[in-house]
Amino acid sequence: MAEVIRMPLLSDTMTEGVIAEWLKKEGDTVKSGDILAEIETDKATMELENYSDGTLLHIAAQKGTTIAVNGILAVVGAPGEDFQALLNGNAPEGGNTIASQKSENDAQAAVPAGEDQQVAAATGSGNLSQRSSDGGASTQPVAAPASTPAPAAPAPSAPTKPAEMPAPTAPAPSAPANVNAVAIKMPKMSDTMTEGTIVAWLKKVGDKVKSGDILAEVETDKATMELDNYDDGTLLYIGPKEGDAVQVDEIIAIVGEEGADFQALLNGGVSAAPANGQAPPTPQTTTPTAEPATNGQATDGDGRIKASPLAKEIAKDKGIDLKQVQGSGENGRIVKRDIDNFTPGVATPGVGAPAPQPEAKPAQAAQPAPAAAAPDKSPAQLPKVYGEESFEDVALSQMRKTIARRLGESKFSAPHFYVTMEINMDKAVVARGSMNEISPVKISYNDLVIKAVAVALQTHPAINASWLGDKIRYNHHIHIGMAVAVDEGLLVPVIRFANLKSLSAISTEAKDLGGRAKNKKLQPAEMQGNTFTISNLGMFGVDEFTAIINPPDACILAIGGIKETVKVENGEIKPASVMKVTLSSDHRVVDGAKAAAFLQTFKMLLEDPIRLLV
């Protein structure tokens, strides 16, 4: 019997996958263990393995299509077997869909990935496949036109009343030729991405495109990435404009045969298409031609002189009649520079009526003379200063949106409390100098901090914890996230198993991750899995600060700079190198006493760094 192959759950954060490549085609004979396709997930491109012998009867999702987890990908069965009932969600009696034995999955097919459902099984190489018997919906580029009746109908009537199309009484044949098109959706390019911004379209409507062409540049919350095309044809439709933010899985373009009627794809997608089925026209702006008024100034319909508010205010303060000023702004509008450059007594071309006005100016100019005779009456008078207020609104980048969302959720949902401690770094300064004499790489104070945190977490496992909503996870492994500042925000690469690594190994890895973070070359897997986070602003001259917890971690340690001060020892004043640190903790997971005990151990390790080598 025919079996449905569905989109498997290939990672714990995956909600959908993109068909990167089909390695088999319809009609091919396939065996258990064959690789049917390559699936691009939120973390990597993985192989889709087949588990049944037979013929590949149907491919539901074309190359480049985004399919939700548990969506239909293909059907494998006997040659000539009728599989239409499986696609409609009604398996034939005695049907042999692979997951028909998994009754629990049938009830959970509509639950999005990320819940505690187990819908995939891992193989040795990490390649997974999943198939079930429920009637989960399939994301198919030509699904909408496939439901139209077989008899031909006038083309304009099809998209006008899609809701009134009668359901087919028999399996529909192939899609009509005039709907040979594929919808391109916004892919999920990272585990935290919820939307992408179109930075630039590299193709325009009407261009011929091939598989592998770059259609656009998309800015995600972590980097600017290229949007690949996976189908040969013509770019029929572009939805969002440059600078628009688009939700993941929303239609952004359509590629297909030239002249294909793709309206049905848009009706079934998120975006609405224009009435003519093409991309929205770019607004055209026309530059108005400035026509000066007959009297030398720009006036509106009721004869008022056009001038900016600032120009009017300055003219009023200076006693300048706007009728004498020739405007240089748009349509002859008077602006600030016209008032600044105006010379009283110089007649404007074409102005005859205001001729007596310059004679009034010398009388006004002569008025300050009496004031000069009695300067004591206004000794505090200051000259007026004129300026123009200005600002620039900058749209949020995807990275900044993610920072705002995640840290906002942390600050407003997790009850933070803070514990600060002062550490004498005299011995750490001396030890670092000795280590760098023999170390293959230069060890920084930040490397010492990472190592000390990792060792202290072994003693205090309650700090190495995560809040998961309805439970607390105490991690047995120690992965240290280190906050790295980049131009657009903050990234947190992770040093895994830091407690098991030497100082030189930590130093090498930290420098590599930090450099690639600033160049936006980190892989998503390198920014996930942290169990504790460190934020160091000491190199910027910051004495102390408090940091916001990086969820789902329970704690984050803020590191200040090392500064020279004095200490009293045995009644004597001596110089000392002191560093302040502040531990931010989630009170739902960690109590104050445990936080203080952790800092005591951390302080002891840095004040006697030989303990880090044991």
Side-chain angles (χ1 to χ4, degrees), residues 197-201 204 217 219 238 240-245 274 279-397 400-401 404 487-488:
T197 299
I198 303 298
V199 176
W201 282 104
K204 60 182 183 296
E217 294 179 350
E219 181 188 8
I238 290 178
K241 302 175 184 177
E242 294 181 359
D244 288 353
T282 303
Q284 297 182 356
T285 59
T286 58
T287 304
T289 303
E291 296 182 1
T294 57
N295 62 347
Q297 304 92 25
T299 58
D300 55 18
D302 57 4
R304 290 181 299 177
I305 298 175
K306 291 183 178 179
S308 69
L310 180 60
K312 290 179 180 179
E313 182 181 354
I314 299 175
K316 180 180 179 181
D317 291 339
K318 290 186 176 183
I320 297 175
D321 188 350
L322 291 178
K323 295 179 180 179
Q324 295 182 322
V325 182
Q326 176 69 46
S328 62
E330 185 179 9
N331 292 329
R333 189 169 184 256
I334 299 172
V335 295
K336 177 179 179 291
R337 64 174 175 268
D338 300 323
I339 303 298
D340 294 339
N341 298 331
F342 175 72
T343 303
V346 178
T348 304
V351 179
Q357 292 294 333
E359 298 177 2
K361 294 301 179 180
Q364 293 180 3
Q367 291 177 2
D376 56 321
K377 292 184 178 180
S378 56
Q381 186 175 3
L382 298 175
K384 291 190 176 182
V385 178
Y386 300 97
E388 293 187 8
E389 295 181 352
S390 64
F391 59 87
E392 179 183 5
D393 291 332
V394 178
L396 292 177
S397 65
R400 181 54 59 187
K401 287 181 181 179
D487 291 340
E488 296 180 6

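Of the candidates Lys312, Lys316, Lys318, Lys318 is the only one forming a side chain to side chain contact (heavy atoms under 4.5 Å, CB included) with Ile314.
To the nearest 0.5 Å, atom CD of residue Glu242 and atom CD1 of residue Ile198 are 9.0 Å apart. Between atom CZ of residue Arg337 and atom CD of residue Glu388 there is a gap of 9.0 Å, rounded to the nearest 0.5 Å. Atom CG of Asp338 sits about 10.5 Å away from atom CD1 of Ile320, to the nearest 0.5 Å. For the atom pair NZ (Lys323) and CD1 (Ile334), the distance works out to 11.5 Å, reported to the nearest 0.5 Å. Asp321 contributes atom CG, which lies 6.5 Å from atom CD1 of Ile305 (distance to the nearest 0.5 angstrom).
Considering all non-hydrogen atoms of both residues, Leu322 and Ala315 come closest at CD2-CB, 3.6 Å.
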Legend entry - Stepwise side-chain contact (heavy atoms from CB on, under 4.5 Å) test for Glu219 and Glu488: CA-CA 12 Å; Glu219 181 188 8; Glu488 296 180 6; 3.7 Å; yes
Inset, instruction - Please report the C-alpha distance between Ser328 and Val335 in whole Å, then the side-chain angles of each, then the deciding distance to 0.1 Å, and finally whether the side-chain contact (heavy atoms from CB on, under 4.5 Å) criterion is met. - result: CA-CA 7 Å; Ser328 62; Val335 295; 4.1 Å; yes
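For the residue pair Tyr386/Asp317, the side-chain donor-acceptor check at 3.5 Å is satisfied.
The number of heavy atoms from other shown groups lying within 6.0 Å of CG (Asn341) is above 12.
Trp201 places no side-chain N or O within 3.5 Å of a backbone atom of Glu217 that could act as its donor or acceptor partner.
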